[in-house]
Amino acid sequence: MESHRHALKQINAALLQPSKWLASYEDLVTKNVNTVGQIESALRSLTYILTGGYSGFPARLGLETDVCYSPGRYRETDLPSECVHSGVQLLSLYHDSLVSRAIARLPPSVPRPNPTPHARYTKYWTSRSPLYHKVALTLQMIQYTELLWEMIARRRGEKVRWRVVVIIEIVKALCRLMLLRLTNSRPLVSPPLPEREEDPRAAEADQDTGDWNGMDTPPSEGSSELSWTMPRTGLSLPSLPDASDISNYLISKVLTADDVKPPKALLHRVTGQGQLAEILYILRPVVYALAMQKWSGNKRSWSPWLIGFALEYGSRQLAKKDFKERVAGGLRGLTGLEREELRKRGWAMGWWLMRGAFYENITKLWIKGAAEKMKGKPLLDIVGGLLEDYEYLWDNYYFPTATL
């Protein structure tokens, strides 16, 4: 009896101290970064595949099942599935902050991989400006939950749904305008927060366990594969490269122009027509959502599509023209981060094939035809089924094809 009472006291004490739970959870995440990342990816992939909580795979694989697809069934289960997806995304955002703090606390003797230009730039602004960090975090959280809010609003009617969509786009545009102001008129990057860093401790562990597989001759003490830790400073000397791969080793150590630039110089400030192009790019989703709201009764109307596409294409061409006139060397003189962001925005324009009148009049017919041709064929039938499942999202919601 005494042991039971003691156990109950310990449980009650633990329940009354949630801070200990949080500390234990943070410790678990920071010590198992790779495993946590794999779990997040698996959950995220599961919500992508089993859209709306419906699984048509057993029937398509020839297994007996009583579950059949119907729009009504999908309508009942899309909200729980999106809740899971949004929850995983928000949890991943929290894990990113934990991993970032854990890596920052590591001693200088632990070698770290070279950060990407995007990581250097976003880290600079998040550490320099607390307001930038708060606004960027708010923007990221809205993007992770926007489809969930639209699904909830749709159950109150189409007018409420479009009102919520417009409000969300206005809030996101205000956040982006604030980021533009806080960075002294520098173009936005996507995402505005640093992405999760690679844990150097995990890389060292992989090297320790992966260099010798138990069959080959283990490296000797004088081998170049071993590093040496200096006793006074605690810093470790890097291992010598393989004699047959010296050229690649030297090339990997060469610093580029972007490597020596300060983080804020990785993006040029925009003025005049360049600033106008960035503001048009930020306001385009708001204008397009308002146009879709106005013509919501006619989904095949080309007016919203033409307005939105013209704004995005016009802002892109205006930005390119500004770079050519203002940056030394034109587009060739852009930094790596600027070229990467231009490339991202260029690929994002492909989503106009899945929006508005273009989707209703052209793409939708092509998708239906492709799904029909895949039916009854091994493996391809699964792809066709996924297309049919996602067709419900593209038909009824705005945010699945949103890129901002």
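From a predicted model like this one, the values you see are computed outputs, not experimental measurements.
With sequence neighbours left out, E195 forms a side chain to side chain donor-acceptor pair (under 3.5 Å) with no residue at all. Scored by the ring-ring contact (aromatic ring centres under 6.0 Å, His included) test, W162 finds Y398 as partners (sequence neighbours excluded). L280 is linked by a side-chain contact (heavy atoms from CB on, under 4.5 Å) to L276, L311, S315, counting only residues two or more places apart in sequence or in another chain. Under the side chain to side chain donor-acceptor pair (under 3.5 Å) criterion, T335 pairs with E338, not counting sequence neighbours.
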**OP:** Apply side-chain hydrogen bond (donor to acceptor under 3.5 Å, both in side chains) to the pair R269 and N184, showing each step before the final yes or no.
**Re:** CA-CA 7 Å; R269 293 182 61 188; N184 299 322; 5.6 Å; no
### Message
Pair R44, Q89 - check side-chain hydrogen bond (donor to acceptor under 3.5 Å, both in side chains), show working.
### Response
CA-CA 8 Å; R44 201 176 291 117; Q89 295 286 71; 2.6 Å; yes
Check your understanding: Which is it for L393 and E82 under the side chain to side chain contact (heavy atoms under 4.5 Å, CB included) test, yes or no, and what are the steps along the way?
Key -> CA-CA 11 Å; L393 290 177; E82 188 58 30; over 6 Å; no
Report task. Show the numbers, then the answer: is there a side chain to side chain contact (heavy atoms under 4.5 Å, CB included) between L193 and D96? Result -> CA-CA 10 Å; L193 290 174; D96 289 346; over 6 Å; no
Report task. Mind running side chain to side chain contact (heavy atoms under 4.5 Å, CB included) on W149 and V165 for me, showing each step along the way? Result -> CA-CA 8 Å; W149 292 117; V165 167; over 6 Å; no
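In this structure, the side chains of H118 and L337 come closer than 4.5 Å at one or more pairs of heavy atoms. Residues W125 and K264 form a side-chain contact, since some pair of their non-hydrogen atoms from C-beta on lies under 4.5 Å apart.
Sorted by first and then second residue, the side-chain hydrogen bond (donor to acceptor under 3.5 Å, both in side chains) pairs with a member in residues 131-141 read Q140-Y144; sequence neighbours excluded.
In this structure a side-chain-to-backbone donor-acceptor pair under 3.5 Å is missing from T401 to W351. Remark: the backbone N or O of S185 is not paired with any side-chain donor or acceptor of Q275 at under 3.5 angstrom. T183 contributes a side-chain N or O that, together with a main-chain N or O of L179, makes up a donor-acceptor pair within less than 3.5 Å. In terms of modelled atom types and a separation under 3.5 Å, the side chain of R316 and the main chain of L342 share a donor-acceptor contact. A distance-only check finds no donor-acceptor pair linking the side chain of K324 to the backbone of L331 [under 3.5 Å].
Relative ring orientation between W305 and F309 is described as parallel, the plane-to-plane angle staying below 30° on a 0-90° scale split at 30° and 60°.
The salt bridge (Lys or Arg N to Asp or Glu O under 4.0 Å) test with E150 singles out one residue from R161, R155, R156, and that residue is R161.
In terms of heavy atoms, F399 sits closest to E169 at CE2-OE2, 3.6 Å. Contact record, P304 with M292: CB-SD, 3.7 Å, taken as the closest heavy-atom pair. Here the closest heavy-atom approach between residue K299 and residue D395 is recorded as NZ-O, 2.7 Å.
Checked by atom type, the side-chain pair E40/H95 shows a donor-acceptor distance below 3.5 Å. Inspection of the T403 and R355 side chains reveals an N or O donor paired with an N or O acceptor under 3.5 Å.
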Donor-acceptor pairs under 3.5 Å, side chain of residues 283-290 to any protein atom, not counting sequence neighbours: which ones?
| residue | atom | partner | partner atom | Å |
| --- | --- | --- | --- | --- |
| R284 | NE | E312 | OE1 | 3.2 |
| R284 | NH2 | E312 | OE1 | 3.2 |

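A salt bridge links E278 to R345: one of the charged nitrogens lies within less than 4.0 Å of a carboxylate oxygen.
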